[in-house]
Amino acid sequence: MSEEQKQAENRARPTTEEFRRFVREDWAERRPQATGQSPAAPYAAARRAAVSAAFPGDRLVVPAGGLKVRSNDTDYVFRPHTAFAHLTGLGADREPDAVLVLEPTADGHEAVLYFRPLGERDSDEFFADARYGEFWVGARPSLADIELELGVTARHIDEFEAAVAKDAGEVTVRLVRDADRELSATLDDARVENGAERETLAELDDALAHALSVLRLTKDEWEVEQMREAVAATHGGFEAVIAELETAAELGRGERWIEGIFGLHARHQGNGVGYDSIAAAGDHANTLHWIKNTGDVAEGDLVLLDAGVEVDSLFTADITRTLPVSGTFTDAQREVYDAVYAAQEAGIAAAKPGAKFSDIHAAAIRVIAEHLHAWGLLPEGVSVEDTLDTDHGQYHRRWMVHGTSHHLGLDVHDCALATRAEYMDAELEPGMVLTVEPGLYFKADDLKVPERFRGIGVRIEDDIVITADGNENLSAAMPRSSADVEAWIAEVREENA
């Protein structure tokens, strides 16, 4: 018996048949949950067609993943696997334990969604099942709802295992393995029992996972619109934080206050945060992935806020602004900030069709290196060209450790299974959505930098989409230059006074 089954058994209450009958009686007729096709459905169908063309004759299995217990009682909020969301158009918390199967046909594939449909009110599930029952967690869609909403064939999840492995020795079955490890182990055994060779399974599955990751490199118009919505919601979250900077400085653990304010708006405007927010005040900004957010916020600090709203479709923004708590940069803070801003401007200018993805970093990091050289921070005798030499230089990386860009979409670091040739060395194409995010990080105990710079960390990050003739900064409405950031803070504070 699984842990989940044991917990359900422990929570069960003895009932009489009379009581069970009483619970089943006198419910109004249910209304359909779906009233029409989802706006995402035709785009998801086009993505499935591309996958179908890449794997003719193969059965393709894409699980949503399952629920995970939290605190020995409830489940964590469910988020479907990215590949499942991309190929179905389902987002938010839909549908735990579902599996999309692309079933080979004479002219391509039929899309079949196996899931747990809404239980009837005369079933034990309706009232007594704390994990799936409508009384406990709300109503799920019916088979008819899913077929109307998504334009796919819908079947009960109980039919999945027999249908998918029945002829695995004759039909090649490929599986997105990391979506549901328990399902993967079960399906591996079933595939082998039906004639597949165990030694080939991982290779078959890896090829599918790679293809689904690369498919997301270029976004369609619906996906770009989702990114616009995510950025707009993120803009609102940043302004809510700006309005609370002075309060954060008055409270202990002000970083947590900032994180909480942004999270409130993210959950209200979308599905939640797209990743754990970095709300790093003072020297904490020099820890690149500072997500503890336990620090105080002081009046003279800079706060580096790296945060993004994930909308209900699961597309996320990824924006960073470095904000002076007082509303005004000190001279030293401005000097560092303006250097990073200049580097970002160079990176954004380099992002255009035909350029390589790596050109964005090359353009931004050159500006960073030029400023470090001008400040006398590079070793004696080392020129800008010397430090940019990837084989013998790289001294600038002490203060700019990370890359300047990454793909963005359903995952904050999207398309992670693409090869170097498909990612770093690839040409940029219209529809690609990228971040541009240079930074400079001068730790408080770094004796190689002037004292005036110590403890200052700055990153500026925007989300751009490559267009036919250049790029569009999706987050351009969020001020970036030091003067504009100061004016932004003053304006938000005045509006909230």
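Keep in mind that what you see is a predicted model, and the values were worked out from it rather than measured.
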Flag the pair [X] / [Y] as yes when at least one side-chain heavy-atom distance between them is below 4.5 Å, and no otherwise.
| X | Y | value |
| --- | --- | --- |
| D462 | L474 | no |
| R59 | H109 | no |
| I464 | V433 | no |
| T322 | V303 | no |
| D220 | R47 | yes |
| M432 | V465 | no |
| I242 | N496 | no |
| L87 | V51 | yes |

To the nearest 0.5 Å, how far apart are [atom1] in [X] and [atom2] in [Y]?
| X | Y | atom1 | atom2 | result |
| --- | --- | --- | --- | --- |
| D178 | T82 | CG | OG1 | 9.0 Å |
| D306 | I460 | CG | CD1 | 12.5 Å |
| F115 | L100 | CZ | CG | 12.5 Å |
| W257 | N293 | CH2 | CG | 14.5 Å |
| E486 | F329 | CD | CZ | 6.0 Å |
| D301 | Q333 | CG | CD | 8.0 Å |

[atom1]/[X]: more than 12 non-hydrogen atoms of other groups inside 6.0 Å:
| X | atom1 | value |
| --- | --- | --- |
| E221 | CD | no |
| R181 | CZ | no |
| E182 | CD | no |

Can you check side-chain contact (heavy atoms from CB on, under 4.5 Å) on V176 and D205, steps first, answer last?
-> CA-CA 6 Å; V176 175; D205 296 345; over 6 Å; no
Taking atom types as modelled, is there a side-chain donor on [X] or [Y] under 3.5 Å from an acceptor on the other?
| X | Y | result |
| --- | --- | --- |
| H210 | E422 | yes |
| D469 | T467 | yes |
| T435 | E437 | yes |
| R398 | Y441 | no |

Option from L183, D180, L201 for which side-chain contact (heavy atoms from CB on, under 4.5 Å) with L175 holds |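 Of the listed options, the one satisfying the test is L183.
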Steps toward side-chain contact (heavy atoms from CB on, under 4.5 Å) verdict (K448, L377) = CA-CA 7 Å; K448 284 190 176 294; L377 301 190; 6.0 Å; no
Do you know which two heavy atoms are closest between [X] and [Y], and how far apart they sit?
| X | Y | result |
| --- | --- | --- |
| G381 | D386 | O-OD2, 3.5 Å |
| D97 | G66 | OD1-CA, 3.4 Å |
| V297 | A248 | CB-O, 3.9 Å |
| G455 | N286 | C-ND2, 3.7 Å |
| A40 | W222 | CB-CZ2, 3.4 Å |
| H235 | A477 | CE1-O, 3.4 Å |

Specify whether [X] and [Y] have parallel, tilted or perpendicular ring planes, treating 30° as the upper limit for parallel and 60° as the lower limit for perpendicular.
| X | Y | result |
| --- | --- | --- |
| F442 | F453 | parallel |
| Y423 | H407 | perpendicular |
| F262 | F238 | perpendicular |

Can the ring centroids of Y43 and H86 be said to lie less than 6.0 angstrom from one another?
->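 Not under 6.0 Å, so no.
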Ring-ring centroid check Y275 H413, cutoff 6.0 Å =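 Centroid distance Y275-H413: not below 6.0 Å, so no.
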Is the side chain of [X] donor-acceptor paired with the backbone N or O of [Y] at a distance under 3.5 Å, no angle test?
| X | Y | value |
| --- | --- | --- |
| T287 | W290 | no |
| K352 | L428 | no |
| R267 | N271 | yes |
| R174 | L204 | yes |
| T387 | Y395 | yes |
| D463 | D318 | yes |
| S475 | M478 | no |
| E229 | Q226 | no |
| S213 | L417 | yes |
| D312 | A92 | no |

Applying side-chain contact (heavy atoms from CB on, under 4.5 Å), run through V241 and L305 and close with a yes or a no.
-> CA-CA 9 Å; V241 166; L305 179 59; 3.9 Å; yes
Could you tell me whether [X] and [Y] make a salt bridge, using a distance below 4.0 angstrom between a side-chain N and a carboxylate O?
| X | Y | result |
| --- | --- | --- |
| R454 | D283 | no |
| R228 | E472 | yes |
| E239 | R321 | no |
| E255 | K292 | no |
| D206 | R177 | no |
| K219 | D414 | yes |
| R79 | E310 | yes |
| D411 | R216 | yes |

Starting from the C-alpha separation in whole Å, work towards a yes-or-no answer on side-chain contact (heavy atoms from CB on, under 4.5 Å) for R397 and I365.
-> CA-CA 9 Å; R397 292 189 61 202; I365 205 65; over 6 Å; no
For salt bridge (charged side-chain N to carboxylate O under 4.0 Å, His left out), just list the numbers for E461 and R480, CA-CA rounded to whole Å, side-chain angles, deciding distance to a tenth of an Å, and then say yes or no.
-> CA-CA 9 Å; E461 179 179 18; R480 290 187 297 126; over 6 Å; no
